[in-house]
Amino acid sequence: TDTKPLKQTYIIASDSTYAPFEYQNADGDYVGIDVDLMKEVAKQNGFNVDFKFIGFNSAVQAVESGQADGVIAGMTITDERIKAFDFSEPYFDSGVQIAVKKGNNKIKDYKDLKGQKIAAKIGTASADFLEKNKDKYGYSITYLDTTDALFSALDINEVAAIMDDYPVIGYAVAQGQNIQTPIAKEDGGQYGFAVKKGTNPELIAMFNKTLAEMKKSGAYDKLLGKYIQTDT
Ligand code: GLN
């Protein structure tokens, strides 16, 4: 596939608050792994990006409906999604995890969630996981739009637990959020940049090319290290 841009500006949809992948810094500018990565792809390949930080589910729908050219939003490559999207090579290994309020030592296992409310974002891998295991563990699911809303719901005890991707939960823990993670994360789920199936193949080609170059030069590890501090 050609790795030249066919448009001067591509519209890229993303989540609204999904640190460390996309979030607003103290100056109100959007930063994060997804943002920096996409900007680098644009810079290396000579196009402009018009970001739309509209929330995960809206970002996915914007690409499906052709209102955006691509989506980068910590989006997990799933069997279901590859029916409707073309994905780049994976750029991050993720997985989902439960978080509860700090000091809630009653929840130590999924079975302790019986009769409890758990919140997840609409249309996410976490929502899928919770749906699949709902009958087994006997909890109910509260669907919310943003990761901030998950943290708020937990904070005001509207729900007993939340589920989101582990790097996002881990970032919140590192930032001193009032949460703890009593249950080990579920492994599996890699992030990819996506376009609507059959559209903008050059975008995927340019993304893959720049990602491979950044991995080779060490720039990609440097980018991850900028946002994710690994404890040693
Ligand atoms: N990785 C998860 C998914 O693809 C959540 C993404 C997100 O909330 N931005 O469903």
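Just so it is clear, the structure is predicted and the values come from calculations on it, not from any experiment. For ligands, and for the atoms within them, numbers begin at 1 and follow the listed sequence.
Residues Glu80 and Thr78 have side chains that never bring a donor and an acceptor to within less than 3.5 angstrom of each other.
Under the ring pair (Phe, Tyr, Trp, His ring centres under 6.0 Å) criterion, Phe129 pairs with Tyr110, sequence neighbours left out. Under the side-chain hydrogen bond (donor to acceptor under 3.5 Å, both in side chains) criterion, Asn57 pairs with no residue at all, not counting sequence neighbours. When the salt bridge (Lys or Arg N to Asp or Glu O under 4.0 Å) test is applied to Asp86, the partners found at least two apart in sequence or on another chain are Lys197.
Proximity of Asp165 to Tyr191: side-chain heavy atoms (C-beta onward) are separated by under 4.5 Å at one or more points.
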Which N or O atoms of ligand 1 sit under 3.5 Å from a protein N or O, and how far apart is each pair?
residue	atom	partner	partner atom	Å
ligand 1	1 (N)	Gly74	O	2.7
ligand 1	1 (N)	Thr76	OG1	2.7
ligand 1	1 (N)	Asp165	OD2	2.6
ligand 1	4 (O)	Thr76	N	2.8
ligand 1	4 (O)	Thr76	OG1	3.3
ligand 1	4 (O)	Arg81	NH1	2.7
ligand 1	8 (O)	Lys121	NZ	2.8
ligand 1	9 (N)	Asp15	OD2	2.8
ligand 1	9 (N)	Ala73	O	2.8
ligand 1	10 (O)	Arg81	NH1	3.4
ligand 1	10 (O)	Arg81	NH2	2.9
ligand 1	10 (O)	Ala125	N	2.7

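At least one cation-pi condition fails for Lys111 and Tyr137: the charged atom is not both under 6.0 angstrom from the six-membered ring centre and inside a 45 degree cone around its axis.
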